[in-house]
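Structure first, then comments.
Note that the structure is predicted; figures quoted are calculated from it, not measured.
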Amino acid sequence: MATKKTIKAAGVKHHVKKDKSGNIVVTHPTIDNGKYDKINLTKKSGAKTVKQGVKDTKEWHKKNPYHKK
């Protein structure tokens, strides 16, 4: 059972991991690429494992692609 997985979604590295309290969290760079944004996937999508978190992250980026300006 993995506790951390790094994936590439929408051309950006995302880190999906289980935090100390057992929540599945994804971190990814913000628009300015200097800071990281944290999203709790346990609350947002009901993910209970890192594998589910990876699936939910990829699915979200398929439905909501980044548009270049």
Side-chain angles (χ1 to χ4, degrees):
M1 188 165 128
T3 57
K4 184 176 180 181
K5 181 86 174 166
T6 302
I7 61 170
K8 197 164 191 178
V12 180
K13 281 186 182 179
H14 290 66
H15 304 287
V16 181
K17 62 183 178 178
K18 187 177 274 195
D19 66 6
K20 292 178 184 177
S21 60
N23 293 326
I24 305 301
V25 178
V26 63
T27 57
H28 61 92
T30 56
I31 294 171
D32 62 359
N33 286 330
K35 298 178 182 176
Y36 278 79
D37 187 22
K38 256 187 197 182
I39 300 169
N40 187 334
L41 294 176
T42 303
K43 291 181 182 175
K44 282 258 188 196
S45 66
K48 294 180 181 169
T49 64
V50 172
K51 189 174 182 178
Q52 286 176 336
V54 168
K55 181 181 166 245
D56 291 341
T57 301
K58 287 184 176 184
E59 189 176 296
W60 189 90
H61 279 290
K62 279 184 184 178
K63 291 179 182 177
N64 304 287
Y66 288 143
H67 296 288
K68 292 184 179 182
K69 293 181 180 181

With sequence neighbours excluded, residues passing side-chain hydrogen bond (donor to acceptor under 3.5 Å, both in side chains) with [X]:
{"X": "Thr42", "result": "none"}
{"X": "His28", "result": "none"}
{"X": "Thr6", "result": "His15"}

For Lys5 against Val50, the heavy-atom pair lying closest together: CB-CG1, 3.8 Å
Which residues share a side-chain contact (heavy atoms from CB on, under 4.5 Å) with Lys43, sequence neighbours left out: Asn40
Inter-residue atom distance Ile7.CD1 - His14.NE2, 0.5 Å rounding: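 Taking CD1 in Ile7 and NE2 in His14, the distance rounds to 6.5 Å.
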Test salt bridge (Lys or Arg N to Asp or Glu O under 4.0 Å) applied to Lys62 - qualifying residues, sequence neighbours left out: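 If we apply the salt bridge (Lys or Arg N to Asp or Glu O under 4.0 Å) test to Lys62, skipping adjacent residues, there are no hits.
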Any donor-acceptor N/O pair, Asn23 side chain to Val25 backbone, under 3.5 Å: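 Not at all, since once roles are kept as given, no pair shorter than 3.5 Å links the two residues.
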Within-4.5 Å side-chain heavy-atom neighbours: Gln52 and Ile24: no
same_hphob_cluster(Val16, Ile39) at 4.5 Å side-chain heavy-atom cutoff: yes
Qualifying salt bridge (Lys or Arg N to Asp or Glu O under 4.0 Å) pairs with a residue from residues 45-59, counting only residues at least two apart or across chains: Glu59-Lys63
